[in-house]
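Chain naming here is simple, since letters A, B, ... match the order of the sequence lines and numbering starts at 1 in each.
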There are 2 protein chains.
Amino acid sequence: MSHIELNEKKIQILKVAEKLFSDKGFEGTSIRNIAKEAKINIAMVSYYFGSKERLLESLIIYRTSDLKLQLENLLQEDLEPIDKVNKLIELYINKINCNGGIFRIMHFELTSKKREKTLNHFTELKKGNLKSLESIIHEGQEKGVFRKDVIIPLITPTILGTFFHFHMNKIFFEKILNLNTEALYNDYIKTHLTKHIQQTIKALLVYEN
Amino acid sequence: MSHIELNEKKIQILKVAEKLFSDKGFEGTSIRNIAKEAKINIAMVSYYFGSKERLLESLIIYRTSDLKLQLENLLQEDLEPIDKVNKLIELYINKINCNGGIFRIMHFELTSKKREKTLNHFTELKKGNLKSLESIIHEGQEKGVFRKDVIIPLITPTILGTFFHFHMNKIFFEKILNLNTEALYNDYIKTHLTKHIQQTIKALLVYEN
DNA sequence: TACAAAATTAAACAAGTGTTTAATTTAAAC
DNA sequence: GTTTAAATTAAACACTTGTTTAATTTTGTA
């Protein structure tokens, strides 16, 4: 099921759908919107993907398939635990930033109790990610550099949540931080925001009350 | 404009709308859904609020009007800066948790460039909140208990982002943390999640590299 | 060239959307 | 009790939705 042949046309449709879903939400985007933007006939979406719902499903699988691999590679690098954590944060942010809207969609559209099948794929991904994080933290704890009373499953919400909330309030932060161009905004994420998250997680992991 | 007379019927509609918007999103909820649930005629929404858009606007104003006041009261309490921060975190979480879906809606529906008027009210609220937070942190910095190189506008994303991300992935966390009942889930937020956020922010504010 | 499979199309489908209308009922004021 | 305003209703409005159909064009293969 997670193997779907993706020809060029399909990928083109997926990318347009990603952009529109991200801009206007899943419900807010019509198949006619997608067809117009992708310059295809409205019947092609059903023809290729079966339905709008399964288009979303395909999109999510298409965009998340390599994240797991990258995380596992990170685990095997020869780095200090804190550097692994920092790299993991960078990896997340980079991944989300590069893949435009899909992660936004996943967080906003995949909470409903419908879309269960799509949600299952997402749950497996999150479980794997959590396992990777756990192994890094445990390593640090055994080395005596990380605290032992930290709740590991709550670390991801802090990393991703901080990023998403910033992204979510893009217009607000552009205004108060004077990020007048897209380049300035992206640069701020890559430098200040990333550093803030790394600093936060480090403090949480090593700070003793 | 921010003063709207709210009779009982209006409030009843607002509460139903909040629930449905929160469950299925703004676009995903139809006026007929709302009318059916609230046991009113579909024309009543337009009659009372003018449009679906302005129903959302009224809902947001209705739910956020007292937050500003509560924050300002907190500022004037006689507490140590770190205790004020902790109380602020508690206030946020409590506020969001009690007011069910509205904050979720605000974060998911208010990013689009449409809905500008509704968005403006929200922006003003956020600016005020940031000012309150700034004054607390500055107080702590002057007393020498907080670091001076922290980026204050990024603290709110960490507080709220962590909470929202947890809430967003409710189903996932219920599963991996064995929060089988609604009561257990809410209790986890009130205790562990709140503590995690407080611990995180404290570490960020006082930890020296 | 001829055939078959795949791709693409315009049109239609039934269902659902937010909003408005005009008629009717309810409530309040005199 | 009559008058006036507010509340409520069913029906219709024009429009959009996701999906399907059946016809046509394009493509690849023998």
Side-chain angles (χ1 to χ4, degrees), chain A residues 3-60 105 108-110 112-119, chain B residues 3-60 105 108-110 112-119:
Chain A
H3 252 227
I4 314 161
E5 313 106 55
L6 289 176
N7 56 41
E8 267 187 49
K9 211 98 204 177
K10 274 188 164 187
I11 293 178
Q12 178 209 0
I13 296 173
L14 285 180
K15 285 184 178 171
V16 170
E18 179 173 43
K19 183 179 169 295
L20 292 179
F21 286 166
S22 146
D23 282 354
K24 320 199 288 171
F26 180 74
E27 316 270 4
T29 304
S30 72
I31 291 189
R32 283 165 181 83
N33 293 152
I34 298 170
K36 195 178 176 186
E37 188 94 357
K39 284 162 191 158
I40 53 158
N41 188 276
I42 54 164
M44 293 308 288
V45 170
S46 292
Y47 178 74
Y48 271 134
F49 298 96
S51 70
K52 189 189 176 190
E53 195 72 39
R54 298 212 296 185
L55 166 66
L56 174 62
E57 196 182 319
S58 296
L59 176 57
I60 285 169
I105 302 162
F108 305 158
E109 307 291 348
L110 256 61
S112 111
K113 281 146 207 163
K114 303 177 188 179
R115 306 202 228 298
E116 253 194 84
K117 211 192 144 212
T118 319
L119 200 136
Chain B
H3 251 227
I4 313 163
E5 314 106 55
L6 290 176
N7 56 41
E8 267 187 48
K9 210 99 204 175
K10 274 188 165 187
I11 292 178
Q12 178 207 0
I13 296 173
L14 286 179
K15 285 184 177 172
V16 170
E18 178 173 45
K19 182 179 171 295
L20 292 178
F21 286 166
S22 147
D23 282 353
K24 320 200 289 171
F26 180 74
E27 317 270 4
T29 303
S30 73
I31 291 188
R32 282 166 182 81
N33 292 152
I34 298 169
K36 194 178 177 186
E37 188 93 358
K39 284 163 189 158
I40 52 156
N41 188 275
I42 53 164
M44 292 309 287
V45 171
S46 292
Y47 177 74
Y48 272 135
F49 298 96
S51 69
K52 190 188 175 188
E53 194 72 39
R54 298 212 298 187
L55 167 65
L56 175 61
E57 197 182 318
S58 296
L59 176 57
I60 286 170
I105 302 162
F108 305 158
E109 308 292 347
L110 258 60
S112 111
K113 280 145 207 164
K114 305 176 185 179
R115 305 202 226 296
E116 253 194 85
K117 211 194 145 212
T118 319
L119 199 136

- Between atom NZ in A:K52 and atom C1' in D:dT16, what is the gap in whole Å? 11 Å

- When rounded to the nearest 0.5 angstrom, what is the spacing between CG in A:L20 and NZ in A:K15? 14.5 Å

- Task: Please state how far atom CD in B:E57 lies from atom P in C:dG18, giving the value in whole angstrom units.
- Result: 17 Å

- Could you state the atom-to-atom distance from CD1 of A:I34 to P of D:dT17 in whole Å? 11 Å

- Can you tell me if the side-chain N/O atoms of A:K9 get under 4.0 Å from OP1 or OP2 in C:dT8? yes

- Considering only C:dT9, D:dT8, C:dT17, which nucleotide approaches the side chain of B:S30 most closely? C:dT17

- Within the modelled atom types, does a donor on one side and an acceptor on the other bring the side chain of B:R32 and the base of C:dG16 under 3.5 Å apart? no

- Quick one: A:L20 CG to D:dT16 C1', roughly how many Å, whole number? 16 Å

- How long is the line joining CZ of B:F49 and P of D:dT8, in whole Å? 12 Å

- Message: Working note: B:F21 + B:I34, criterion side chain to side chain contact (heavy atoms under 4.5 Å, CB included); need CA distance, chi angles, decisive distance, verdict.
- Response: CA-CA 9 Å; B:F21 286 166; B:I34 298 169; 4.1 Å; yes

- Item | Below 4.0 Å: OP1/OP2 of C:dT8 and any side-chain N or O of A:Y47 | no

- Residue A:A43, side-chain heavy atoms: nucleotide from D:dA10, D:dT20, C:dA7 that is nearest: D:dT20

- Item | Check: B:E37 and B:K19 side chains under 4.5 Å, non-hydrogen atoms | yes

- I would like to know whether B:N41 and B:Y47 meet side chain to side chain contact (heavy atoms under 4.5 Å, CB included); could you show each step before the answer? CA-CA 10 Å; B:N41 188 275; B:Y47 177 74; over 6 Å; no

- Please give, in whole Å, the distance from C:dT9 C1' to A:I42 CD1? 10 Å

- Check the distance between D:dT19's C1' and A:L55's CG and give it to me in whole angstrom. 14 Å

- Between C:dA11 (C1') and A:M44 (CE): distance, integer Å: 17 Å

- Query: Just checking A:S46: base, sugar-phosphate only, or nothing, at a heavy-atom cut-off of under 4.0 Å?
  - Reply: base

- Item | Closest to the B:I31 side chain, choosing from C:dG18, D:dT8, C:dA12 | C:dG18

- Item | Phosphate contact (C:dA7 OP1 or OP2) by A:N41 side-chain N/O below 4.0 Å | no

- Task: Rounded to the nearest 0.5 Å, what's the gap from NZ on B:K9 to CD1 on B:I40? Could you check?
- Result: 8.0 Å

- Query: Given C:dT8, is OP1 or OP2 found less than 4.0 Å from the side-chain N or O atoms of A:Y48?
  - Reply: yes

